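Contents: one structure, followed by commentary.
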Amino acid sequence: MRLLSCRIENFGGLSGVKVEFRPDFTLIEAPNGSGKTTLAEFIRAMFYGFPRAGKTLEKNRRKKYLPWQGGRYGGSLCFEHGGASYRIERFFGEKPAGDSFALYELESGKRSARYGADIGVELFGLDSDSFERSTYLPQLRPDSDTLTTDAIRSKLSDLVEDTGDVNNFEKAVKALREKRSLFVPYRGSGGLAAKAQSRATLLQERISAISARRPELERRQTELAEMKSALAAKEAERDGVLESMRLASEAAGKASVRASIQRREAELRENAAAEARLLENYPSGLPEARELDALGRCFETAAAMQARLEPSPAYARAKEFAGENARRFASGVPQEAELRRQSENCARIGEIAALLGRPALSEDESARLDALQRRFAVGVPDDALLARCRELERDAQLFGAEGASGKTAKGSAVKGIAVFAAAAALAVAAGLIYRSGHAPLALAFAVLALCAAAAGFALRRREASGETASVGAKAGEAKRELEAALAPYFGENIPENAAGELAVLRGQYLQLKERRDEDAESRRALSDEARELTEQAEAFLARYGAKSGGEGLRAALDALRRDADTYARSVELAAERERELTASEDALRGCEAAVGEFCAKYRIRLELGDGARLREIYGDAALAASLRETILRQESELAELREGDPEPDGAQTADIDALRGEKARLDAEIRSVSAAIAAAEQEVGNIRAELDGLPALTDELELRLSEYREGRKNAEILDLTAEYLERARERLAGAYLGTVKSGFAACLERLGGEAPEDVSLNSDLEVEIDRNGSRRELAYFSTGQADTVTLCLRIALAGALYKDAKPFLILDDPFVNLDDARVQRFLGLLHELSGEYQIIYFTCSESRK
Amino acid sequence: MKIIHCSDLHLDSRLEANLPPEKARERAAELCGSFMRLVSFAEDNGVRVVMIVGDLFDTDRASAATAGLVLSRIRQAKGIDFLYLRGNHDEGAVFRGFELPENLKTFSNTWSTFRYDGVCIAGAEPDASSASGIYDALNLRGNETNIVMLHGQESTQSGEGLVCLPALRGRGINYLALGHLHSYKKERLDMDGEYCYCGCLEGRGFDECGEKGFVLLDADRGGVAARFVPFAYRRLHEFGVDISGLDTVSEIREAMERSAADVPERDMVKFTLRGSYTLGAQKDLRYLSSLFAARYYFIKIKDESRLAMDRSGYQHDISLKGEFIRLVMASELPEEDKERIICLGVGALSGEGIEI
């Protein structure tokens, strides 16, 4: 790798600057502030661009190197690598998005895709920071941070073999540590192991607490057994008391039996005496209940019969009515059918009377009939007269009119027209016949038609000439005859169209007269019917001694009907009463016989109807039966009592009340002990329930302890893994640190400074110098010594990092703190190194050229 | 007469299968439920006697609730006698404080005998003081079918916790009902009879794989016939899977699937990965666990496979990884730790997630 040239368009304070680099050693001498550091940064920026901006200006290089003068920010750099030459063109915007990058092949001028924007990483295998630390040697500060970065370490490893895994070292360790923190954190007391341990501690405490209750359970169970034993003893004692109570009760029972026997004997005696007293009144014994019941029914019957024999007003009235009407209805009461028929006749008579009461004609009609009778007093015109009058009237009108107008009479004209019509019809018939193919017949009809037409013309001419001459005389004659005919009906005031009016009047008169005649006939028939019906009704009534009287037939018929009914019921009632009286008297006699028989049987006195005496006998009989029953029951009970009556045993009867008191006391004590047992059982149950939970707690404890142990073990394994990775990295680095160390020692030796054996280098490339047997960090030494050591280390590092393709080294006046002798030695060394490296050396001092 | 011979129910015992707490509770309930099912079986099949030959409970962990539940069920089964012989795990007073049902018969350190229509059942709980002389004290009648109950390890010696088989030979025993071993085993005792371990009723850990159940006896004056009745609600299975040469997780999964092809879903399965694997092999135990957990009631994967490290392969590997492996391998750490560290370190360097 060799830098060929660069052209700075605008970069910091530099603008339009072009620099050519020699292949071995390029010295750029310029005063302070001329842009040497800016040039070095430009070269870095061409390969790497700008890193992400920091907050401070120092760290925000994009902002730091903004062109002072403005213009396009960036430039180009030509270099040679692997036998090919390229030109990088890179320009920057204010933000990374505005950056541009292009790579060209110098020979062809064509754009190259050989490297991308990360060309620095691709070429050197280092990031920007590592590149800067390894190829750029600025003025050094003793307190500058370590030279090493992960990328440098990686690069060192890459010297051996490109495995890639070293690059993941930091991530791997970080992941292991994170995982380890899950189990046992590096700080604090969390983590799965601690959580499990904490839970285990709680469980242990809980298990201890519960386990501690085992003795209590034992004690409680013992107490419980004792209490149950005490309870059993109390219950046995109470059983003894109960037995004593039973015996005492038995003794008391025996005494009670004996007292009861004595009491029953006394009662029996009393009842027997009462029975004897009662039987004294009944020498033949007491009647049986059924006999008394029969006697009672006899008494009831007799009373009922007596009541029936009492006189009845209704019966008297009926008898009287029957007597009074016996003759009237000697032949029997009228039959219902007859009565109904007579009633219907009466109704018909009423209807006829109503019909007769209505007039046949209205008043107007009567007046009209009277007037017409007067008009037609001479007689009613007959039809012939009316027809003659109408003919005369027409003639008078016809002749009168023709005479006045001179025209042919209408009748003649009609005759002529009829003849012409016949002719026309014959002509039409002739035509039709001809069309049907009968020419001769058609011809005949045509001749007839012509004849008819000729006759018509002749008739018309004849009539017209004859009638016209006599019209006037005829009209006068007709009028006179008409007036003569109508004068009896109209007098002198014969109206126009009198014939028609006379016909109308005659019609009216005949109609009204006919109606009046018909009505008269009808009335005669109705009157006859009414009379006949009345006669029948009156005959009917008369048969039963009834008359129509002033109230009319209907009232008489109704009265007859009522009388007949009453009579029939009275006769029936009287008969019934007779039968009843007879039966009652018979029953009464039977009752008296029964009572007599009863009295004779039992030799006691009893009158029929003496209810008090009968009730007395009833009472005596019931009392005697009750006494007998009681006596029998008492005798039976006494027999039983006497049978079960133990002999007196002479045992002392215990005080049962005292025993009851003792039992109550024992019951109370048993209840108390039982309650205590229930409470103790509850407590034992509670403790057992708690103890039942122990296995589950123990299981969980073991689980948690296992988790704890596993967590600790996992943490330990993870720690060991991280530790072994660290050690592996150390060893790996240490194994190839020798390259750096040997280069470092050679460099130191050539410079003639510190003895190499006094200087040590660890895997982090941290230098320590041995002084008087103790190792000290570089910061303890002078700036010149420290710079010498650091510069040697940088040169050695570059030698180790870039074994095959040596890069360029940029030295930005790094010897500023060295004395002249050291500067000269370093410069000599640089010239020697320029055979291997392309050296670009910036200085502002003539003395350090 | 039908008799059930069961033992080693270990109710309320700790489950050794490393079940998660929720499943452990569920499984404990299933164990208790199996006893209830056994009683129901006895009721349904006209069993007259249930012999419980020890270790019904784990005394240290037995809860009063479970004891109450067991007693309640026994009390319910009125027509069945429960002959309960305590074992080495339930020698304590589990039932202390409880009223025992009439049909629960217990034993002591001397012989107790129960007779049923020509069948004599004798049992004892020998302790240190009576263990040696207990055999001489056994007195059985020749005209009965004799069943003897003992809890302990079969042995040729007498002593506490041991069942001395030679001492029981020629004693007229037709069936020696033993408890203590958790797997079914039946052997001839002598010319007259057999001795039998019925095994536990349910497996509790993967050291108790296979069929579990009880022995159903059909006994009368003429003799006794016994047959094993598998009765476990779930079975446990353990399969060794050699993952040597299997580089992908799919290959390992397929090998595991092949080994457990016929296992019902309700069972519990343990896979033990064996053989060796290389650093690049995909041995994702988390993925495999989640995959098989969805198939069975419970699964466990134990990794006994070893990392195959070719030391010569890393001898001249001039890299951080090579240096790291060389360093770890040269350390004096336990081999298991070395493997873990190497796997973790190499995984971390390769940027993979850290699975531990």
Side-chain angles (χ1 to χ4, degrees), chain A residues 157 159-169 171-176 178-180 182-183 217-218 220-221 224-225 681 684-685 687-689 691-696 698-700 702-703 706 710 713-718 720-733 735-736, chain B residues 11-16 18-22 24-25 28 57-58 60-69 93 96-99 316-331 333-334 336-356:
Chain A
S157 296
L159 294 176
V160 183
E161 186 178 328
D162 185 12
T163 61
D165 56 9
V166 180
N167 292 320
N168 284 329
F169 172 80
K171 286 182 185 172
V173 172
K174 187 182 174 194
L176 289 166
E178 283 174 356
K179 196 74 177 178
R180 191 264 200 195
L182 286 179
F183 295 107
L217 176 64
E218 294 288 328
R220 290 276 186 184
Q221 282 181 334
L224 189 58
E681 281 179 336
V684 164
I687 297 172
R688 275 180 178 158
L691 287 168
D692 282 356
L694 268 180
T698 309
D699 289 348
E700 193 188 345
E702 286 195 24
L703 181 68
S706 167
E710 192 178 324
K713 180 68 180 175
N714 287 341
E716 181 190 339
I717 292 290
L718 288 163
L720 283 169
T721 307
E723 182 186 325
Y724 275 96
L725 277 176
E726 292 267 10
R727 286 166 62 182
R729 187 199 64 170
E730 297 264 343
R731 280 171 64 95
L732 190 66
Y736 305 101
Chain B
L11 302 181
D12 282 348
S13 67
R14 178 179 173 74
L15 299 172
E16 305 296 342
N18 297 117
L19 293 170
E22 188 61 33
R25 280 193 289 278
F57 296 98
D58 269 10
D60 293 344
R61 298 170 55 92
S63 67
T66 304
L69 208 62
R96 178 172 158 73
F98 286 95
E99 188 178 340
H316 304 290
D317 181 1
I318 310 302
S319 67
L320 182 56
K321 183 171 78 176
E323 193 67 42
F324 170 71
I325 292 171
R326 283 193 297 276
L327 260 177
V328 176
M329 293 301 286
S331 72
L333 292 168
E336 189 182 347
D337 289 356
K338 284 181 185 177
E339 279 188 21
R340 290 184 72 188
I341 290 168
I342 288 171
C343 289
L344 280 171
V346 171
L349 283 174
S350 63
E352 295 171 2
I354 295 173
E355 294 297 334
I356 186 168

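Chain naming here is simple, since letters A, B, ... match the order of the sequence lines and numbering starts at 1 in each. No experiment lies behind these values; they were computed from the predicted model shown.
- Within the 4.5 Å cutoff, side-chain heavy atoms of A:Lys713 are placed close to those of B:Asp337.
- Contact detail for A:Leu720 and B:Leu333: the closest heavy-atom pair is CD1-CD2, 3.9 Å.
- Between atom CG of residue B:Leu349 and atom CG of residue A:Leu725 there is a gap of 5.0 Å, rounded to the nearest 0.5 Å.
- With rounding to the nearest 0.5 Å, the separation of CZ in B:Arg340 from CG in A:Asn714 is 5.0 Å.
- A search for salt bridge (Lys or Arg N to Asp or Glu O under 4.0 Å) contacts involving A:Glu726 returns A:Arg729, not counting sequence neighbours.
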Exercise. Evaluate the side-chain contact (heavy atoms from CB on, under 4.5 Å) criterion for residues A:Tyr724 and B:Ile342: first the C-alpha distance (whole Å), next the side-chain angles of each, then the deciding distance (0.1 Å), finally the verdict.
Key: CA-CA 9 Å; A:Tyr724 275 96; B:Ile342 288 171; over 6 Å; no
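- When each of A:Glu702, A:Glu710, A:Lys174 is checked for heavy-atom pairs under 4.5 Å with chain B, A:Glu702 comes out on top.
- Both the backbone and the side chain of A:Glu218 come within contact range of chain B, judged by heavy atoms closer than 4.5 Å.
- Rounding to the nearest 0.5 Å gives a distance of 13.0 Å between CZ of B:Phe324 and CZ of A:Arg731.
- Taking OG of B:Ser331 as the reference point, atom CZ of A:Arg727 lies at 8.0 Å (rounded to 0.5 Å).
- For B:Arg25, no part lies near chain A; criterion is any non-hydrogen pair under 4.5 Å.
- Counting heavy-atom pairs under 4.5 Å between each of A:Val684, A:Val173, A:Leu718, A:Leu224 and chain B puts A:Leu718 at the top.
- Your options are A:Leu694, A:Leu703, A:Ile717, and the one with the most heavy-atom pairs under 4.5 Å with chain B is A:Ile717.
- For A:Arg688, there are no side chain to side chain donor-acceptor pair (under 3.5 Å) partners, not counting sequence neighbours.
- Atom CD1 of residue B:Ile354 and atom CZ of residue A:Arg180 lie 13.0 Å apart, to the nearest 0.5 angstrom.
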